Amino acid sequence: MVKLTLRTAAIAVTAAAVSISLAACGSSGPASSAGNADSATMWGLTGGNQPVLQKSIDAWNKAHPDEAVKLDFFANDAYKTKVRTAVGAGQGPTFIYGWGGGVLKSYVDAGQVADLSDFVSSNPDVKSRYLPSVLKNGVIDGKTYALPNNNVQPVVLYYNKEVFDKIGAQAPKTWDELMALVPKFKAAGIAPFSLGGQSKWPDLMWLEYLVERIGGPEVFANIAANKPGAWSDPAVKAALSKIQDLVDAGGFANGFSSIAADSNADQALLYTGKAAMILQGGWIYQSMKKDAADFVKNGKLGYVTFPTVSGGKGDPANVVGNPSNFWSISSKATDSQKKAALDYVKSGMFTDADTQSLIDSGAVPVTTGIESKLAASPDKDFLSYVYGMAKNAPSFTLSWDQALSPAQGDAMLANLDQIFLKKISPDQFVSTMNATIGK
């Protein structure tokens with residue numbers, strides 16, 4: 001059984017939240033034409049799973065007009081800001097889309113999400129649909145506050161086979177091999193790596209994997225457990241130094257700090273051959289399958305796990321990323337909204353049609369008994385690879401910005417951005433982050 005390690009932090013939640021107009025961010029996707037003033041509300045993310053979720057809600061609303069759900073979509077970065085503020089003000093949607101971890105714990109500590117433990121206990125079919133190792137990531141202090149809602153999402157190193165063939169290279173298996181590829185691709189006029197630096201969170205994947213490969217999962221476990229000085233672990237400084245070595249070598253596309261991941265601009269550099277590689281989540285396969293169908297279908301997309309680091313303590317099979325996304329139910333929702341939400345969770349989610357739609361989109365659902373469906377997919381090679389990454393990982397660490405408290409996660413991303421821009425040193429990063437321990 002795969003061990004998915006969810007690192008949560010004990011955090012303080014401010015009693016007062018800044019209130020903003022919920023209309024300020026606007027919707028970046030269609031809302032379901034459903035319901036009334038007391039309808040359950042749901043906010044989802046634009047991107048790979050958007051059509052699957054829209055289809056699921058449309059089918060639910062058609063069959064259950066009295067329990068219709070109103071769905072709106074938002075871009076990743078805008079959503080994270082919007083939902084934290086809305087939930088903190090007690091004005092969040094009925095369905096709260098999340099990643100688990102420290103952000104979920106902040107909602108629990110503030111009394112903003114419903115305890116779903118009794119619901120799960122009284123609905124064994126709901127409990128048994130999920131991979132147990134994924135389900136437990138919605139548990140805080142022994143109680144269930146969130147249920148998985150889509151697919152397993154490890155971070156993968158993707159590469160363009162065509163440009164690798166152009167310079168006669170192989171996918172890197174070690175950090176030294178990765179660094180050796182940088183000047184070769186630069187000489188060919190190809191950016192070694194694409195990076196959506198404007199969005200900041202893609203930067204984190206580099207730090208997560210390097211710390212994992214150098215020091216093992218215990219390093220971040222100590223950080224997430226708020227152990228004093230945990231950021232001073234030598235693996236953290238070593239990882240930050242390697243990132244800056246890669247920046248110095250010209251490893252990332254010119255102007256990477258202005259490339260946005262939300263618009264998929266980072267992926268486009270890969271499949272158009274302007275960049276050789278990208279370190280990104282398993283979820284971007286869905287976008288490339290849609291936006292670069294011929295590139296994917298013709299076998300030009302390669303994928304491997306993150307390289308090993310010489311002398312590192314981490315198991316090469318360990319992965320980082322998102323075990324899944326999750327639905328929590330707002331404790332501030334009305335009784336009728338809560339009933340509609342739980343009814344949808346019970347019988348509207350992960351129907352045979354939904355599960356197949358996820359697989360057809362290029363995703364691996366977090367449900368049991370899907371091996372034969374994965375094997376029958378045109379994307380079976382990638383899907384089986386991702387399924388194997390998750391299933392066989394001795395440790396699967398949740399994305400750090402989600403595992404940590406919101407305050408720590410925000411500080412980490414802001415300072416990591418400065419590392420990539422060479423505006424602060426690894427020692428400065430470590431000192432700044434040690435000061436956030438326990439906040």
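Position 1 is the first residue of the sequence, and the numbers go up from there. Just so we're clear, the structure is a prediction, and the values are computed from it rather than from any experiment.
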Could you tell me the separation between the CD1 atom of I329 and the OG1 atom of T94, rounded to the nearest 0.5 Å?
7.5 Å
Got a sec, which residues hit side chain to side chain contact (heavy atoms under 4.5 Å, CB included) with A293, two or more places apart in sequence or on another chain?
none
Give the C-alpha distance, both sets of side-chain angles, the deciding distance and a yes or no for side-chain contact (heavy atoms from CB on, under 4.5 Å) between V52 and D360.
CA-CA 9 Å; V52 178; D360 290 345; over 6 Å; no
Under the side chain to side chain contact (heavy atoms under 4.5 Å, CB included) test, residues paired with A239 that sit two or more places apart
L207, L210, V211, I214
In terms of heavy-atom contacts, S331 and V113 come closest through OG-N, 3.6 Å
For D266 and S194, which I'm curious about, is there any donor-acceptor pair between the side chains at under 3.5 Å?
no
Going by atom types alone, do Q286 and S361 pair a side-chain donor with an acceptor below 3.5 Å?
yes
With a cut-off of 6.0 Å (strictly less than), are more than 12 heavy atoms of other residues, nucleotides or ligands near NZ of K173?
no
Taking S133's backbone N and O only, do any of them form a donor-acceptor pair with N137's side chain (distance below 3.5 Å, no angle check)?
yes
Look at the rings of Y209 and F306 and say which category their plane angle falls in: under 30° parallel, 30 to 60° tilted, over 60° perpendicular.
parallel
Could you give the distance from CG (N49) to CD (Q54), rounded to the nearest 0.5 Å?
13.0 Å
If we only count heavy atoms from C-beta on, is the M179 to L246 side-chain gap below 4.5 Å?
yes
Counterpart residues, side-chain hydrogen bond (donor to acceptor under 3.5 Å, both in side chains), relative to Q418 (two or more places apart):
none
Check whether R213 reaches the backbone of G312 with its side chain - one donor and one acceptor, N or O, closer than 3.5 Å.
no
Can you see which heavy atom on P93 is nearest to which on V83, and at what distance?
CD-CG2, 4.5 Å
What donor-acceptor contacts under 3.5 angstrom involve side-chain atoms of residues 373-389, with partners at least two apart or in another chain?
{"unit_1": "S377", "atom_1": "OG", "unit_2": "D379", "atom_2": "N", "d": "2.9"}
{"unit_1": "D379", "atom_1": "OD1", "unit_2": "Y285", "atom_2": "OH", "d": "2.6"}
{"unit_1": "D379", "atom_1": "OD2", "unit_2": "K289", "atom_2": "NZ", "d": "2.9"}
{"unit_1": "S384", "atom_1": "OG", "unit_2": "K380", "atom_2": "O", "d": "2.8"}
{"unit_1": "Y385", "atom_1": "OH", "unit_2": "T305", "atom_2": "N", "d": "2.9"}
{"unit_1": "Y387", "atom_1": "OH", "unit_2": "E371", "atom_2": "OE2", "d": "3.1"}

Hydrogens and angles aside, do W283 and N322 bring a side-chain donor and acceptor to less than 3.5 Å of each other?
no
Of all heavy-atom pairs linking G90 and Q112, the shortest is CA-OE1, 3.8 Å
Has the side chain of N415 got a donor or acceptor atom that lies under 3.5 Å from a matching backbone atom of A411?
yes
Using a 6.0 Å distance limit plus a 45 degree cone around the ring axis, check whether K242 lies over the aromatic ring of W206.
no
Pairwise distance CG(D203) to CD1(I419) - rounded to 0.5 angstrom
10.5 Å
How long is the gap from CD1 on I243 to CZ on F429, to the nearest 0.5 Å?
8.0 Å
Roughly how far, to the nearest 0.5 Å, is CE of M412 from CH2 of W201?
13.0 Å
Go through the structure and list residues passing side chain to side chain contact (heavy atoms under 4.5 Å, CB included) with A407, not counting sequence neighbours.
S405
Kindly say whether G348 contributes a backbone atom to a donor-acceptor pair with the side chain of T351 at under 3.5 angstrom?
no
Using the side-chain contact (heavy atoms from CB on, under 4.5 Å) rule, take Q280 and M205 through it: C-alpha gap first, then chi angles, then the decisive distance, then the call.
CA-CA 7 Å; Q280 254 284 15; M205 300 176 188; 3.4 Å; yes
Any side-chain donor-acceptor pair under 3.5 Å between K70 and S39?
no
Are the charged groups of D58 and K62 less than 4.0 angstrom apart, N to O?
no
Check the side chains of N151 and S324 for a donor-acceptor pair under 3.5 angstrom, ignoring hydrogens and angles.
no
For L358 versus P365, what's the shortest heavy-atom pair and its separation?
CB-CG, 3.9 Å
Can W231 and D233 be said to form a side-chain contact (heavy atoms from CB on, under 4.5 Å), step by step?
CA-CA 5 Å; W231 286 96; D233 191 291; over 6 Å; no
With a 3.5 Å distance limit and no angle check, can you tell me whether N325 reaches the backbone of W99 through a side-chain donor-acceptor pair?
no
With respect to F95, which candidate in W327, F326, W60 satisfies the ring-ring contact (aromatic ring centres under 6.0 Å, His included) definition?
W327
Under 3.5 Å: donor-acceptor pair, side chain of E177, backbone of P172
no
Minimum heavy-atom distance between A390 and F396, given as atom pair plus value
CB-CE1, 4.0 Å
Flag side-chain contact, heavy atom, 4.5 Å: K237 against P426:
yes
Hey, does P217 have a side-chain heavy atom less than 4.5 Å from the side chain of E212?
yes
Identify, with sequence neighbours excluded, every residue that meets side chain to side chain contact (heavy atoms under 4.5 Å, CB included) alongside K297.
D294
Closest non-hydrogen atom pair, V366 against P323
CG1-O, 3.5 Å
Look only at the side chain of N226 and the backbone of G438, and say whether a donor-acceptor pair between them is shorter than 3.5 Å.
yes
For a 4.5 angstrom cut-off between non-hydrogen side-chain atoms, does I284 reach I278?
yes
Side chains of F193 and F185: closer than 4.5 Å at any heavy-atom pair?
no
Can you tell me how far CG of N160 sits from NZ of K300, rounded to the nearest 0.5 angstrom?
8.0 Å
Using a 4.5 Å cut-off on heavy atoms from C-beta on, say whether the side chain of N76 contacts that of T46.
no
Please indicate whether D248 has more than 12 foreign heavy atoms, meaning atoms of other residues, nucleotides or ligands, lying under 6.0 Å from its CG.
yes
Quick one: sort the F350 and Y130 rings into parallel, tilted or perpendicular, breaks at 30° and 60°.
perpendicular
Hey, does the side chain of Q356 reach the backbone of A353 with a donor-acceptor pair shorter than 3.5 angstrom?
no
Looking at S328 and Y145, would you say the former's side chain and the latter's main chain have a donor-acceptor pair under 3.5 Å?
yes
Would you indicate whether the side-chain heavy atoms of Y107 and R84 approach each other to under 4.5 Å?
yes
What do the steps show when you test E208 against S399 for side-chain contact (heavy atoms from CB on, under 4.5 Å), and what is the final call?
CA-CA 8 Å; E208 290 168 337; S399 297; 3.8 Å; yes
Is it the case that over 12 heavy atoms from other parts of the model lie below 6.0 angstrom from the CD atom of Q244?
yes
Would you say the side-chain atoms of S330 pair up with the backbone N or O of K332, donor to acceptor, closer than 3.5 Å?
yes
Hey, can you tell me if Y79 and W43 have their rings parallel, tilted or perpendicular (30° and 60° cut-offs)?
perpendicular
Should L240 and V236 count as side-chain neighbours, where that means a heavy-atom distance under 4.5 Å?
yes
